[in-house]
Every structure is written in C-alpha cells, then in structure tokens.
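The chain is numbered in sequence order, starting from 1.
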Amino acid sequence: MHTLLTLIIAIVSLAWGWEALVAGAPTGGAAPWVLRQEALYLSGLLSISLLSVAMLLATRPAWLETPLGGMDRVYRTHKWAGILAGGFAALHWLIEASSELLKAIVGRQGRPAKENYSGFLEVLRDLAEDFGEWAIYVLLAMLAITLWKRFPYRPWRLLHRVMPVLYLMLAVHALLLAPWAYWSRPVGVLLAALIVGGVYGSVLSLGGRIGRSRQVPGEVIDVAHTAPDVLAVRCRLAEGWRGHRPGQFVFVSFDQGEGRHPFTIASADCGKREVSFQIKAIGDYTRTLAKRLTAGQPVQVEGPYGRFDLAHRQRGAQQIWIAGGIGVTPFLAWLEALQKRPGDAPSADLHYCSRDRDTDPFVSKLAALCERLPAIRLRIHGAMQGHRLSAEQLAAEHDRSRPVEVWFCGPQGLADGLHAGLRDAWHGKLRFHQEAFAMR
C-alpha cells in the first residue's frame, strides 16, 4: 500500500518538477508569487492524481490482488489514496486563499500573468473553478467524517455514494484549469491517463456495475445461532459460481437496499456451490441480521477475493496460525479443506484466543477438525481463564534462528502487540500475514 502511493506521489512530483524547472518555468515573476503558483499546481496535481487512483481502486480490480497482496490491501490503498487526496485538496485550497496575504506582504507586482481565454472557453473555466470550490468543501467534509470513526456506517455509506460525482466535478476543474502547455508534455500525459482511470471508476460506480462480472445469485438455506452473538448462515449459489479457496472472502448482499458487506467464507469448497459464514453481531447491520434472515431468502454474492490462502505459505518457515474471536473463520475453512487430505497439512501451531474457552462454541469445532490433522497443534487461550497469548510466549516456544511465518486474523489491538514483539524477536526473519479489510 505505502509503496504504491509513495510511487504515485513521486512520479507526479517528478513530472511537475520537470515541467516547473526544465520545460516551462515562469519568468519575470516575483519569487513568492512564482512559488505560490507552482505549489498550487503541485498540490492540485497530487490531489486529483490520488483521487483518480482511489476511484479506480474502488472498482475492485481483481488483477491487482497479486501485486498488492489481496483485495483487503486494494481497499486499504483506496482508503488512504482518498485520505491523502483530501489532504492535498485542503493544501490546494489554502494556497489558493493565500493570494490576499501575499498581496498585503509583497504587493501585486511580480504576480505571473494569467493565461488569456475568451468566449465559451472562458465561461467553462469559470464554471470549472466553481465546481472545484464546491467539490473541495464536500470532499473535506467527507474526509472528516471518514476519519471520525464514531460516525455511523450507514449514513457514511450513503454520503460515500456522492464521491463519483465529486470526482467528476474535480476532474473538470483539473482539465480546464491546468496550464495549457501541460497537455503537450509528460505531466499532461500522466494527468490525462490518471483522469481516464478515475472517470472509468466513477462511471462504473454511478452505473452500479462494480463487481458485476463476479456477482452470483443464490439463496439462504440455513440460519442458526452458533453463539448468542454469532449467526451461522449457509447459502447455495447459482450456476456460475467459480468456487473459492479456503481463507477467501466475498461481498454479500442479503438486502439490496443495504448494499454488500464483506464476510470471510468459513467453509471449504466441496463442489456443491455452497458457502457458509459465521457472522458476529458487532455493528448496526450485523446486529439486526438474526431478526431478518430466514431460509429461502435470496442472496447476492460477489467474489471470491483475498490472498489469505495457505497455498501461498512460505515453504520451510515455521508456521504459527493465530485466530482471535470471530477471526477464526478463515482457519475453519483451512482445516475443513485439509480433512480430505490430512497428509498435506503443514506442521503448524494454531492458537485460538477466546474470551471464555469454557463457553466458546468454536473450541469444540476446532478440536474436532484438528483431531484428524496431527501435524497441527491446537492451543486455546481463554482470557477469563487467565491464558493470554503473548509474543514472548511464541518466541520462547519456537526456534528464533529459523524463519517464521505468522497468519493472523483477529482484533487489531492483538495484531499490533504480537506483530511488534515478534518482529523484535525474529529480526527480519518474520512474515506476518493479516487480512486488513475494512469498509472505512
């Protein structure tokens, strides 16, 4: 994620730098005014470029899963591209507003001359200027709401639907207000390519066509309570379902008005076009599912996505699998898939971190699945029983001279603590896989 966004910022900055310092540096202007103008161009370029990337990534391009490490990383990159774009948009707005301050300090003399336009083009540029101003205000409000985690998800999602429209307004702003000379130089070619990608993503979003080629209808065939706050849902999908690998997730819609939500598939692919989910009531949407879901109800599934796949494990590395709470779901799929070929199971330590091991319904299920897989050693850590997993414990139980690979799915706080401790213990010989999917 960080590598891609850093690369985009670097490429855009280099293109701007070549334009400003080599190809078309303004002459005859006072240094403060020239500096302001070029800072205005750079901040605008970075904002529209990153927003273009965010809009393209919103289409869920499956071909990017391999280079970025899974659709969860694609979405995380989408999120941070949007946040950075909002930050550069705020900077762009502040630089634009700085003209009055510069007039007061250095005066109007030395201000670079504006490009002259007339007729319909001048009208369009005035309109584009207004588009940009209105869109930036809304974009900054969206940025604040996104960073404010307490803001309810449902209204945030509804507000998020206006992003394609905001993007198109900002694209018009960028296309019409960028210096005319840009379009015959590398910076213009780069900007045009990015805007084409952003417009493509916006049109797909507005037309409701994101993920359309990977959507399959089906029906709910069973609903049961695994625990008071966990709902087990089994679905049968129609012809066209391409199957899944254990550990992958899908976007599921039980209600067209609600939209699609990501759920990890908690079952192996048995060739019957059936998928199962273990859904914990942790948000406004999931808390109401138990009252609304019934057998026979239609369902729409999009996917599968994800690279949390045992097939991608590092050969020769010590395997540590860690599940926390409902994060056990991908491991249930792994273990179920290995039942047919126990000899293929790698030597691994599976640690399940539970609030209360005596009442947790997944403890017995894990024990039953691991019973036929002697290569996998199950360890249960019950918080109420005083058994908490720590990086120190893992480091003491494994050979720190050999590489180790950790597959983690669970609470972010637990992940952060374990990752930091294990990184210090293994000094560069650690691979830490974590599904980092979040809708906002």
Worksheet item: Is the closest side-chain donor-acceptor distance between Glu405 and His433 under 3.5 Å?
Response: yes
Worksheet item: Taking only residues two or more places apart in sequence, or in another chain, which ones meet Gln318 in a side-chain hydrogen bond (donor to acceptor under 3.5 Å, both in side chains)?
Response: none
Worksheet item: Do Ser205 and Tyr167 have a side chain donor and acceptor closer than 3.5 Å?
Response: no
Item to complete: Taking all non-hydrogen atoms of both residues into account, name the closest pair between Arg214 and Pro304 and its distance.
Response: NH2-O, 2.6 Å
Worksheet item: Who pairs with Arg341 by side-chain contact (heavy atoms from CB on, under 4.5 Å), at least two apart in sequence or on another chain?
Response: Asp344
Fill in: Heavy-atom check, side chain of Leu194 versus side chain of Ile48, under 4.5 Å
no
Worksheet item: Given His398 and Gln319, is the side-chain contact (heavy atoms from CB on, under 4.5 Å) satisfied, shown in steps?
Response: CA-CA 10 Å; His398 293 82; Gln319 293 290 313; over 6 Å; no
Worksheet item: Just how far is it from atom OG of Ser47 to atom CD1 of Ile136, taken to the nearest 0.5 Å?
Response: 6.5 Å
Discussion item. Taking the side chain as everything from C-beta on, heavy atoms only, tell me whether Val299 gets closer than 4.5 Å to Pro217.
Written reply: no
Fill in: Contacts of type side-chain hydrogen bond (donor to acceptor under 3.5 Å, both in side chains), residue His78, not counting sequence neighbours
none
Worksheet item: Got a second to check how far Leu414's CG is from Phe408's CZ, nearest 0.5 Å?
Response: 4.0 Å
Worksheet item: Are the side chains of Leu45 and Tyr182 in touch, meaning some heavy atoms are under 4.5 Å apart?
Response: yes
Response to the item:
Closest heavy-atom pair, Leu373 versus Pro342, reported as atoms and distance to 0.1 Å, is CD2-CA, 3.7 Å
Fill in: Student check: side-chain heavy atoms of Phe254 and Val233 closer than 4.5 Å
yes
Worksheet entry | Under the side-chain contact (heavy atoms from CB on, under 4.5 Å) test, residues paired with Val216 that sit two or more places apart | Leu237, Ala238, Trp241
Item to complete: Would you indicate whether the side-chain heavy atoms of Val203 and Arg209 approach each other to under 4.5 Å?
Response: no
Worksheet entry | Nearest heavy atoms of Pro179 and Tyr41, plus distance in Å | CG-CZ, 3.4 Å
Worksheet item: Nearest heavy-atom pair of Leu394 and Trp426: which atoms, and what distance?
Response: O-CH2, 4.0 Å
Worksheet item: Can you check whether Asp416 reaches His419 side chain to side chain, under 4.5 Å on heavy atoms?
Response: no
Worksheet item: Has the side chain of Glu133 got a donor or acceptor atom that lies under 3.5 Å from a matching backbone atom of Asp130?
Response: no
Discussion item. Among residues at least two apart in sequence or on other chains, which ones pass side-chain contact (heavy atoms from CB on, under 4.5 Å) with Ala333?
Written reply: Pro246
Discussion item. Can you list everything that forms a salt bridge (charged side-chain N to carboxylate O under 4.0 Å, His left out) with Arg377? Sequence neighbours excluded, please.
Written reply: Asp349
Worksheet item: Is the shortest heavy-atom distance from the side chain of Glu336 to the side chain of Cys270 under 4.5 Å?
Response: yes
Discussion item. Keeping Gln297 on the side-chain end and Glu219 on the backbone end, is there a donor-acceptor pair under 3.5 Å?
Written reply: no
Worksheet entry | is_close_aromatic(His173, Phe131), centroid dist under 6.0 Å | no
Practice prompt. Go through the structure and list residues passing side-chain hydrogen bond (donor to acceptor under 3.5 Å, both in side chains) with Lys280, not counting sequence neighbours.
Written response: Asp229
Discussion item. Using every non-hydrogen atom in the two residues, find where His225 and Pro228 come nearest and quote the distance to one decimal.
Written reply: ND1-O, 4.1 Å
Worksheet item: Can you list the residues that meet the side-chain contact (heavy atoms from CB on, under 4.5 Å) rule with Arg161, with sequence neighbours excluded?
Response: Arg157, Leu158
Fill in: Rounded distance [0.5 Å steps], CG in Leu4 versus CG in Leu68
6.0 Å
Discussion item. Donor-acceptor pair, distance only, cut-off 3.5 Å: does the side chain of Arg402 make one with the backbone of Gly316?
Written reply: yes
Fill in: From Glu96 atom CD to Ser43 atom OG, the distance as rounded to the nearest 0.5 Å
9.5 Å
Worksheet item: Between Glu65 and Arg307, is the closest basic N to carboxylate O distance under 4.0 Å?
Response: no
Practice prompt. Kindly give the heavy-atom pair with the smallest separation between Leu350 and Cys370, and that separation in Å.
Written response: CD2-SG, 4.1 Å
Worksheet item: Looking only at side chains, do Gln434 and Gln412 share a donor and an acceptor under 3.5 Å apart?
Response: yes
What side-chain donor-acceptor pairs closer than 3.5 Å can you find for residues 54-64, not counting sequence neighbours?
{"unit_1": "Thr59", "atom_1": "OG1", "unit_2": "Leu56", "atom_2": "O", "d": "2.6"}
{"unit_1": "Arg60", "atom_1": "NE", "unit_2": "Glu302", "atom_2": "OE2", "d": "2.7"}
{"unit_1": "Arg60", "atom_1": "NH1", "unit_2": "Tyr75", "atom_2": "OH", "d": "2.9"}
{"unit_1": "Arg60", "atom_1": "NH2", "unit_2": "Glu302", "atom_2": "OE1", "d": "2.8"}
{"unit_1": "Arg60", "atom_1": "NH2", "unit_2": "Glu302", "atom_2": "OE2", "d": "3.3"}

Worksheet item: For the atom pair CD1 (Ile326) and OG1 (Thr264), what is the distance rounded to the nearest 0.5 Å?
Response: 9.0 Å
Item to complete: Nearest 0.5 Å please: distance from the OG atom of Ser52 over to the CD1 atom of Ile195.
Response: 5.5 Å
Worksheet item: Under the 3.5 angstrom rule, does the side chain of Lys429 hit a backbone N or O of Arg400 as a donor-acceptor pair?
Response: no
Item to complete: Under the side-chain contact (heavy atoms from CB on, under 4.5 Å) rule, what do Val223 and Arg234 come out as? Steps first, then yes or no, please.
Response: CA-CA 7 Å; Val223 180; Arg234 188 159 55 97; over 6 Å; no
Worksheet entry | Under 3.5 Å donor-acceptor, Gln248 side chain and Gly306 backbone | yes
Discussion item. Please list all pairs meeting ring-ring contact (aromatic ring centres under 6.0 Å, His included) that have one or both residues in residues 351-376, counting only residues at least two apart or in different chains.
Written reply: His351-His381
Discussion item. Quick test of your reading: applying ring-ring contact (aromatic ring centres under 6.0 Å, His included), list the pairs with at least one residue in residues 195-220, sequence neighbours left out, ordered by first then second residue.
Written reply: none
Practice prompt. Determine yes or no for a side-chain-to-main-chain donor-acceptor pair under 3.5 angstrom, with His92 supplying the side chain and Leu40 the backbone.
Written response: yes
Discussion item. Under a 3.5 Å threshold, yes or no: a donor from one side chain and an acceptor from the other, between Thr226 and Gln278?
Written reply: yes
Worksheet entry | Pairs meeting criterion ring-ring contact (aromatic ring centres under 6.0 Å, His included) with involvement of residues 271-311, two or more places apart | Phe251-Tyr305, His261-Tyr285, Phe308-Phe331, Phe308-Trp334, Phe308-Trp407
Worksheet item: Backbone N or O of Ser98 within a donor-acceptor pair of the Arg36 side chain at under 3.5 Å?
Response: no
Worksheet item: Val328 and Leu366: side-chain contact (heavy atoms from CB on, under 4.5 Å), yes or no, with the steps?
Response: CA-CA 9 Å; Val328 72; Leu366 287 169; 3.8 Å; yes
Worksheet item: Between Trp16 and Glu38, does any side-chain donor sit less than 3.5 Å from a side-chain acceptor?
Response: yes
Worksheet item: What do you reckon, is CZ of Arg431 surrounded by more than 12 foreign heavy atoms closer than 6.0 Å?
Response: yes
Discussion item. Can you confirm whether Arg242 is buried at CZ, in the sense that more than 12 heavy atoms of other residues, nucleotides or ligands lie under 6.0 Å from that atom?
Written reply: yes
Practice prompt. With the side chain counted from C-beta on, respond yes when Leu50 and Ile9 share a heavy-atom pair under 4.5 Å apart, and no when they do not.
Written response: yes
